[in-house]
Every structure is written in C-alpha cells, then in structure tokens.
> 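Let me give you the structure first, and then I'll get to my questions.
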Amino acid sequence: RLRKWQERIRTKDAGERNLQFALSEIDRMASALGVPRSVREVASVIYRRALKEDLIRGRSIEGVATSALYAACRKEGIPRSLEEISEVSRVERKEIGRTYRYISQELGLEMRPVDPKKYVPRFCSELELSEEVQTKANEIIEKTAEEGLLSGKSPTGYAAAAIYAASLLCNEKKTQREVADVAQVTEVTIRNRYQEQIEAMGIHG
Amino acid sequence: MTDPKDTINIENVVASTGIGQELDLQSVAMDLEGADYDPEQFPGLVYRTQNPKSAALIFRSGKIVCTGAKSTDDVHESLRIVFDKLRELQIQVNEDPEIVVQNIVTSADLGRNLNLNAIAIGLGLENIEYEPEQFPGLVYRLDEPEVVALLFGSGKLVITGGKRPVDAEHAVDKIVSRLEDLGLLE
DNA sequence: AGATTACTTTGAAAAGC
DNA sequence: GCTTTAAAAAGTAATCT
C-alpha cells in the first residue's frame with residue numbers, strides 16, 4: 001500500500017535523476033565539441049525515444065547519451081567522428097559505435113552514410129585553408145565518389161586526402177601530418193586515399 | 001560472365017556434437033598433447049587438428065564444438081580424429097555421434113565493383129547497416145534464406161549464418177537479382 | 001615508405017560467470 | 001552480456017626496418 005507507493009516514487013525519482021544525468025552529459029559533451037544548441041536538442045529527443053523504447057536496458061546511460069549525440073550531429077549535417085566523440089565521452093569508441101548502430105536500427109533513424117564533404121569546412125578552417133581549397137576539395141570528393149571510390153572508405157580519411165590534394169593544387173600546401181592530425185587519421189590513410197583520388201581525377205602529383 | 005554462384009567458397013564450418021560421456025578435462029588436458037585448457041578463462045578445452053585444420057572445443061559435459069574446417073566432410077574427418085584421440089585415453093565415445101552443422105561461412109565474388117552508398121539507399125536504409133567509419137562492409141540480412149551477407153566495394157562478399165551450403169547459393173541468387181532490379185549491378 | 005601484425009564486422013555452438 | 005574457436009572480406013592503425 002504505502003510501501004508500494006513509496007517504491008513508485010523512488011523509482012520515478014531514480015528515473016528522473018537518470019534522465020537529468022543523461023541530458024546534462026549530452027550538454028557537457030556538446031559544449032566540449034562546440035556543436036550548436038539545435039544538435040543538443042535533437043540528441044535529447046533521440047535519447048528520450050531510446051528511453052521510451054526501453055533500449056537502455058543492458059547498456060550504460062553514458063553510452064546511449066553519447067551515441068544519441070553522435071547520431072544527432074550526423075542528422076544535423078555537422079558530423080563528429082567516433083574518434084572525436086570518444087574524446088569527450090568516458091565511453092570508449094567501440095562501445096559508442098555499437099550502441100549507435102543499435103539505437104539507430106531500433107529507432108529506425110535511417111541514417112545515411114556520412115558525406116565526406118561535411119567534414120571539409122571544419123577541417124579546412126582548423127588548418128586555416130582558403131575557400132578556394134575547400135571548393136577544390138569538395139570537387140575532388142564529388143567526382144571521385146561518383147566513380148565509386150568512396151565505397152567502404154572512412155569519411156574522415158577520404159575528406160582528409162581530398163583536402164591534402166586540394167591544398168597542393170591551390171599552392172597552400174599542408175603536410176600529410178598536419179591534415180592527419182586535424183582529421184584524426186594516419187598519414188598512411190591519407191597517402192592511400194590521395195593516390196586513388198588523384199589517379200581518378202587524372203591529376204599527376 | 002561467370003555465375004557468381006560458381007565463385008562461392010566455403011571458408012569455415014562450425015558444428016557441434018557430443019560423445020555421450022562426461023569428461024574430466026583436467027586429466028584430458030594432461031594426457032592429450034597440444035591441448036589448451038584454462039578453465040578460468042574459458043570452460044572448454046581447445047584441441048587443434050592439423051589435417052584437416054580445425055579447432056575443437058571440448059566440454060566437461062562431453063559436448064564438442066568443431067570450427068575452422070573448410071567443408072562438412074572436413075568437419076567429420078576432424079571430429080573422427082578427435083574421437084579417436086579420446087578413445088586412446090580410454091574414454092568411451094559413442095559409435096558415431098550425431099554431428100550438427102551450426103553455421104557455414106562462405107565467400108563469393110559478384111565480379112563487379114559495388115557502389116555501397118547507392119546500394120544502402122536502394123535496398124532500404126532500414127534493412128541494412130553500412131557504417132564505413134566502423135567497417136568497410138555493408139551488412140545485409142536476408143529472410144530467406146536466413147543468412148547475413150557482408151558486401152564490399154570490390155564486389156566480393158561473405159555470407160554467414162547458413163546451415164547448408166545451398167543457403168549461400170540461394171543468398172547469392174537473391175542478392176544478384178535484387179541488385180539487378182535496382183540497376184546497381186554493373 | 002613498405003612490410004608485418006592486428007584489430008574492426010557477420011554467424012553459431014559449447015558452459016559458466 | 002562476456003569469455004573462446006575459426007575463417008573470409010577491406011579498411012585502418014601501430015610498430016619496425
């Protein structure tokens with residue numbers, strides 16, 4: 001009677017506290033990543049939906065909150081890589097990726113693969129590259145992706161290679177190391193993607 | 001044009017069986033050369049056969065899992081070797097225990113490069129998983145046969161989850177016809 | 001700049017935590 | 001859920017020469 005009632009209050013409070021914790025975590029991570037408020041709101045909605053659909057059972061609140069933020073960034077067209085997301089979360093990259101795939105499937109988010117071009121403005125501005133380089137990088141991505149070169153390749157590495165190539169073509173050279181650092185990929189990946197892209201573009205580097 | 005079905009290759013067969021007798025894995029581990037047994041880490045004892053190459057997981061209950069074989073014949077041959085090894089240790093093993101194939105992993109080649117982005121959208125984002133940041137393959141789950149296919153940009157694929165070799169053939173046929181219908185093959 | 005090794009994904013069984 | 005086993009696909013990564 002009274003006991004059941006108290007238990008319900010306790011459960012409700014615990015659930016409320018957990019939700020508050022998740023939302024504050026989303027806020028904290030979003031701030032650390034510097035993404036706009038709209039993204040945090042989309043992430044909150046995704047998190048609440050996951051909660052409503054009981055997808056958090058067997059998973060950590062932090063993991064679902066982080067995945068919701070990752071999904072929200074993509075949905076809003078300003079993707080952060082799993083590498084970048086994991087730097088502001090206490091959940092490891094592999095777990096974020098798994099949880100993201102799970103909630104994405106269960107909630108039917110129907111997320112499209114990340115377009116490498118979405119990384120161009122942010123990476124280029126971190127490298128202080130001109131608008132001309134950005135346009136050239138986008139061109140390279142567009143053309144080579146049309147030829148099927150993008151299949152199976154990571155969007156960050158693909159964007160990094162195109163930016164590296166564009167910086168050379170526009171005489172604003174950045175080293176592979178510099179581009180690799182902002183894109184969080186290795187020089188080897190940039191080298192491999194770069195070779196394929198310039199070959200497909202008919203450019204001789 | 002080679003029929004993609006002709007490119008199917010069985011890469012791994014997983015099967016389970018049992019000798020119908022409980023085992024003292026500690027003593028089996030002592031007497032069986034090359035046996036790996038670490039109950040703290042895993043309850044099964046690992047025994048590898050060279051010809052055919054496979055790994056058998058032997059449990060206290062007498063149940064055995066065999067994996068790594070390249071055909072169902074190899075599974076039977078590998079398990080025959082395991083049964084004989086156990087008999088050498090004076091362990092009673094049923095005449096010929098039933099061997100059940102649990103999973104077959106195959107690879108195949110569609111012979112054409114694939115635009116995974118277009119395929120993801122064409123097959124329907126709700127039916128597939130394609131996260132190139134995490135894995136280069138597109139994951140496609142079929143209902144009939146009930147298998148999972150991993151499609152790669154090269155046109156090569158992996159089919160797993162099937163219990164009969166024909167499951168892979170049917171899966172390849174379905175995948176080819178769906179991609180053709182969508183105009184995404186070629 | 002290679003070469004090697006290793007890790008990511010899929011599937012299934014076993015017994016136990 | 002995890003642990004272990006084997007194998008393929010192709011991309012990415014760490015480490016060594």
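Letters A, B, ... are given to chains in the order of the sequence lines, protein chains preceding strands, and every chain is numbered from 1. These numbers were taken from a predicted model, which means no experiment stands behind them.
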> I'd like the 5' and 3' limits of the part of DNA chain D contacted by chain A, with heavy-atom contacts below 4.0 Å.
D:dC2 to D:dA14
> If each of B:P136 and B:R60 is mapped to the nucleotide of DNA chain C with the nearest heavy atom, which maps nearer the 5' terminus, i.e. the 5' end?
B:P136
> Report which part of the nucleic acid A:R59 touches: base, sugar-phosphate, or nothing (heavy-atom distance under 4.0 Å, all strands).
nothing
> Verify the cluster assignment for B:V148 and B:V14: are they in a single hydrophobic cluster under the rule of side-chain heavy atoms below 4.5 Å apart?
no
> Applying side-chain hydrogen bond (donor to acceptor under 3.5 Å, both in side chains), run through B:Q134 and A:R98 and close with a yes or a no.
CA-CA 9 Å; B:Q134 300 185 54; A:R98 291 193 171 185; over 6 Å; no
> Quick check on contacts: within residues 151-176 of chain B, what sits under 4.0 Å from DNA chain C by heavy-atom distance?
B:T160, B:G161
> So what does B:S54 touch, heavy atoms closer than 4.0 Å: a base, only the sugar-phosphate, or nothing?
nothing
> Which of residues 174-184 of chain A have a heavy atom under 4.0 Å from DNA chain C?
none
> With sequence neighbours excluded, give me every salt bridge (Lys or Arg N to Asp or Glu O under 4.0 Å) pair touching residues 129-142 of chain A.
A:K117-A:E142, A:K136-A:E139
> Going 5' to 3' along DNA chain C, which are the first and last nucleotides with any atom under 4.0 Å from a heavy atom of chain B?
C:dT8 to C:dG16
> Expressed as a whole number of Å, how far does the P atom of C:dA6 sit from that of D:dT4?
16 Å
> Using the C1' atom in both, what is the distance from D:dG11 to C:dT10, to the nearest Å?
16 Å
> I'd like to know if the side chain of A:Y70 pairs up with that of A:S81 as donor and acceptor (distance under 3.5 Å, no hydrogens or angles considered).
no
> If you measure from CG on B:L182 to CD1 on B:I119, what distance do you get to the nearest 0.5 Å?
8.5 Å
> Quote, to the nearest angstrom, the P distance that separates D:dG1 from C:dT9.
14 Å
> Reckon A:G152 touches a base, only the sugar-phosphate, or nothing at all at heavy-atom distances under 4.0 Å?
sugar-phosphate
> When clusters are formed by joining ILVMFWY residues with side-chain heavy atoms under 4.5 Å apart, either directly or through shared neighbours, do A:Y164 and A:F123 land in the same one?
yes
> If you take any heavy atom closer than 4.0 Å to DNA chain C, which residues from residues 70-91 of chain B end up in contact?
none
> Measuring only the P atom in each nucleotide, how far is C:dG2 from D:dA9? A whole number of Å is fine.
23 Å
